[in-house]
Structures are given as structure tokens and as C-alpha cells.
2 protein chains.
Amino acid sequence: MHTGDSPPPERLRVLPSRLTNQAALTANRIVDHALGQAGLRRYHYALLATLDESGPASQAALGRRTGIDRSDMVATVNDLAERHLVRRSPDPDDRRRNIITITAAGGEQLVRLDALLAAAQDTFLAPLPDDDRRQLIDLLTRLVDHHGDRTARPSEGWPGLRPGT
Amino acid sequence: MHTGDSPPPERLRVLPSRLTNQAALTANRIVDHALGQAGLRRYHYALLATLDESGPASQAALGRRTGIDRSDMVATVNDLAERHLVRRSPDPDDRRRNIITITAAGGEQLVRLDALLAAAQDTFLAPLPDDDRRQLIDLLTRLVDHHGDRTARPSEGWPGLRPGT
DNA sequence: CACCAACGTTGGCGCGGCCAACGTTTTTAG
DNA sequence: CTAAAAACGTTGGCCGCGCCAACGTTGGTG
């Protein structure tokens, strides 16, 4: 065997997971900066946007839609309610639930936030022409969809390490 | 004017920044799970990998290469030194510095981690065929490179909101 | 010599993402 | 109808990551 200087396994540097994380870090910095101009954070926007999109709902339902934990939802609703961007009222049909409703002020604020965020997206995607932006969105969507509901629960039935394939 | 039911601005739902963040969340969960099997976290791996790649260096230098803050670097080195995966020795040529060196045990551990992580990447990218994986990596790389050094500092001279373009 | 820069270290902060537990209310089974 | 199970809101807590400010020490530069 001729031996030779075979650069043996040549480990995979710059992992895709790290790349993704770096991109997310950048995106979040830009978005946080934008939302910060309105004194809000990502959770606040997520809640307002979901309310605007799907209408009033219980905290638990909103948590399911946004991916925000029930306990964090309490605080988020508190924040927005204090600022009168959202209203929390008991559900007469089910006394366990609160119905969260976006207020007029909340709607107006959301319009402003949407503008801020649209600009933020543009800043984030600045280096990519439209075609590539679509490509990226498509790829990420497929990734996220695939791992979809596995939104948590790394325990029950998970490979975690798959040898061969 | 014929009016018509124009769905007026039709705000951009599912922001690219959010998509990216979701993907990163998924990736991090998978990676954390993998590293957790070795009782380590992402910072630990980043440090070990960088040491293996670029050789011994001061904590500050390592922090610059990995993006880990100096203060967090202290803790990370502490952790790894405790486990004898890394050695911290004073630099004789500059008594401000510590020289961090990866140990033999650290090297062996790193090999294991690399295997774990390779599998993790595969899990993460599972839904994408090889071409798409390359595409994704290319796009993310361009994004990250562009925002490159702006690795922090959202203050000094930043648009944050660009109207037109 | 005085000054400033770099270094390691300590201590702290905020956000996002989690989990466990409790009391209340509703639904479902027996 | 009643007992068990489930859903809900809430409290309190935990961890990791990403940050920043400050200090004492050491090294370079004017």
C-alpha cells in the first residue's frame, strides 16, 4: 500500500447547525433592535401578531400557536395588558380560561411593528437577491416543517445518533 | 376605479428571521442532546474544536476565534480543565496570558464529539438532499459573512431601519 | 515616567426556553 | 351520579447563551 499523505477523515468544520445558529443570532439582533425601538420584545410581537391573525383566544391556545410556554405567556400577557395593547377577560363559557383580545391601540402598534420588522428582514437578507431569499425560505421551511411538531420532547423515542445512513 | 377586493398590504407572515430562529432552535436541541451524552455543552465543544484546529492560545485569542466572551471563556476553561480535557498554564513570555492547551484526553474526547455531532448534523439536515444542503450552507454562509464582524455592537452607526430599498 | 492597552477574573443582567407544582374548573369514565 | 382525569392559569424556579462593567495585573509606548 502506497501510504501517501491521505488527509484522513478531515473532519467537518463549520457545522451547519453552527451556521444556522449564527444566522439566527444575527437575525435576532436586528429584530430585537427594531422591536426595542418600540420598547417591546419578540414574545410581545409574536403574541400581538398571532392575535391579529387568528383572533381572540385563550392563553393556552395562544401558547400553542406561538410556541410560547404557558408560564411565559402569563408574563407576556401581563406586559401587553399593562400597556393596554391587549385585554384579558374571563371566558364566560369556561371559567378556566381567559380570553385575550387585541385592543385598538394594540392593532395600531402592530402596524408600526410590522413596518419596523419588514425593514429588519430586509437588513437581515440584504446580501441575498430575491431568488436566493426565496430559496433560503424554502429550505428553512422544509427543515422546520420536517422537525415540526417535535418542537420539544427530545426524550421519548429519538435517535439522537444514527450510525450508518 | 373598480375597487375590488384587493387584499391590501397582506403583511408578510412567517418572517425569515423567525424561520431562521426556529431552524436554529431545532439544530441546537439536536446538538445539545448529542453533546449532553458526553456531559458537555456547546461552549465546551467550540473551545475544544478551536484548540484542536488552531493549537494552543491565550484565552482572549480563543475568545476572539470562537465568539465566546472573555468572562464566559474563564468558566468554560475551568470546566474543561477540571475534566482534564484542557490545560491552563501561564505564558512565560507574557505574564498576563494563560496558554490553553488541549490534552490527550481532550483530543480523544473531541473525536467522540465529532462523531456525535456529525450524526447530529445529519439528523438536522435529514429532510434535505445533498444539493439542497450545499445550497443552504452557501446561503447561510453568505448571510453570516455579510453581517460578519458586526458580531456585536448594534449601536455605533447602524441603520436598523432602512425605508426605501 | 506616565499612560494606555491588553489580559484574566469576578459579578451581574436579560432573554428565551424549559419544567414542576398547585388550586380551580371541566370533561370523561365507570 | 360520582370519581378520576384532563385542561387551564399562575407561581416560582432553573439553565444556557449572549452580553457588559469593573478591577488588579502586566506589557507596551509616548
Side-chain angles (χ1 to χ4, degrees), chain A residues 17-18 20-33 35-36 39-47 57-64 66-79 81 88-100 150-156, chain B residues 17-18 20-22 24-33 35-36 39-47 57-64 66-79 81 86 88-100 150-156:
Chain A
S17 62
R18 176 156 173 72
T20 308
N21 201 28
Q22 301 242 99
L25 229 29
T26 300
N28 287 336
R29 268 193 293 255
I30 294 171
V31 163
D32 290 350
H33 177 249
L35 292 178
L40 295 178
R41 288 164 303 161
R42 262 175 284 145
Y43 273 15
H44 298 137
Y45 175 77
L47 182 46
S58 73
Q59 298 181 193
L62 291 167
R64 261 169 259 129
T66 55
I68 300 178
D69 188 271
R70 299 213 312 279
S71 60
D72 302 317
M73 181 58 70
V74 175
T76 306
V77 170
N78 285 347
D79 290 350
R88 177 195 263 131
S89 38
D91 183 339
D93 295 0
D94 185 340
R95 310 218 309 276
R96 291 173 300 181
R97 288 172 167 74
N98 293 332
I99 295 182
I100 311 302
R150 222 128 24 307
T151 183
R153 214 154 4 274
S155 36
E156 176 60 291
Chain B
S17 62
R18 175 155 173 74
T20 308
N21 200 29
Q22 300 244 98
L25 229 28
T26 299
N28 287 336
R29 268 193 293 253
I30 294 170
V31 164
D32 290 351
H33 178 249
L35 292 178
L40 295 178
R41 286 162 305 158
R42 263 175 284 147
Y43 274 13
H44 298 137
Y45 175 78
L47 182 47
S58 72
Q59 298 181 191
L62 290 168
R64 262 169 258 129
T66 55
I68 299 178
D69 187 90
R70 300 214 311 280
S71 60
D72 301 317
M73 182 58 69
V74 175
T76 306
V77 170
N78 285 346
D79 290 349
V86 127
R88 176 196 264 132
S89 36
D91 183 340
D93 295 359
D94 185 340
R95 309 219 308 274
R96 291 173 301 180
R97 288 173 167 75
N98 293 334
I99 296 183
I100 311 303
R150 218 115 47 293
T151 184
R153 216 155 2 273
S155 36
E156 176 60 290

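Quick note on labels: first sequence line is chain A, next is B, and so on, each numbered from 1.
Atoms CG (B:Asp69) and C1' (D:dG16) sit 14 Å apart, rounded to a whole Å. Atom CG in B:Asp91 sits about 12 Å away from atom C1' in D:dT26, given to the nearest Å. When rounded to the nearest whole Å, the span between CD1 of B:Ile68 and C1' of D:dC17 equals 10 Å. In this structure, B:Arg42 places its CZ atom 16 Å from P of D:dC15, rounding to the nearest Å. B:Ile100 has its CD1 atom 13 Å from the P atom of C:dC7, to the nearest Å. Spacing between atom CE of A:Met73 and atom P of D:dC8 amounts to 12 Å, rounded to whole angstrom units. Distance, B:Leu47 CG to C:dG8 C1': 15 Å, rounded to whole Å. Following rounding to the nearest Å, A:Asp32 (CG) and D:dC17 (C1') show an atom-to-atom distance of 13 Å.
Looking at which nucleotide of DNA chain D each of A:Leu25 and A:Asn98 is closest to, the 5′-most match is held by A:Asn98.
One donor-acceptor pair, N or O on each side, does fall under 3.5 Å between the base of C:dG8 and the side chain of B:Arg70. For B:Asp72 and D:dC17, a side-chain-to-base donor-acceptor distance below 3.5 Å is absent, hydrogens and geometry of angles not being considered.
When distances are taken from the side chain of B:Ser71 to each of C:dG11, C:dG8, D:dT10, the shortest belongs to C:dG11. Which of D:dC17, D:dC8, D:dG27 sits closest to the side chain of B:Arg96 comes down to D:dG27. Side-chain proximity of A:Asp94 to D:dG9, C:dG17, C:dT25: nearest is C:dT25. Set against D:dG9, D:dC20, C:dC18, the side chain of A:Ala60 has D:dG9 as its closest nucleotide.
An OP1 or OP2 oxygen of D:dG16 is reached within less than 4.0 angstrom by a side-chain nitrogen or oxygen of B:Arg41. Here A:Arg97 does not reach the OP1 or OP2 of C:dT26: none of its side-chain N or O atoms lies under 4.0 Å away. Neither OP1 nor OP2 of D:dC8 sits under 4.0 Å from any side-chain N or O of A:Arg95. The shortest distance between the side-chain N/O atoms of B:Arg88 and the OP1/OP2 oxygens of C:dT9 is below 4.0 Å. Considering only side-chain N and O atoms, B:Gln59 lies under 4.0 angstrom from the phosphate OP1 or OP2 of C:dT9. Close to C:dG17, at under 4.0 Å from its OP1 or OP2, lies no side-chain N or O of B:Asn28. Distances shorter than 4.0 Å separate some side-chain N or O of B:Asn21 from OP1 or OP2 on C:dG17.
A side chain to side chain contact (heavy atoms under 4.5 Å, CB included) with B:Tyr43 is found for one member of B:Leu35, B:Ile68, B:Thr66 and no other, namely B:Ile68. Among B:Thr76, B:Asp79, B:Asp32, the one residue that satisfies the side-chain hydrogen bond (donor to acceptor under 3.5 Å, both in side chains) test with B:Arg41 is B:Asp79.
Taking both residues in full, the closest heavy atoms of A:Arg70 and A:Ala60 are given as CD-CB, 4.3 Å, listed atom of the first, atom of the second, then distance.
Annotation: side chain of A:Gln59 is in contact with side chain of A:Arg88 (closest heavy-atom distance under 4.5 Å).
Taken to the nearest 0.5 Å, the CD atom of B:Gln22 stands 10.0 Å off from the OG atom of B:Ser17. The OG1 atom of A:Thr26 lies 11.5 Å from the CG atom of B:Asn21; values are rounded to the nearest 0.5 Å.
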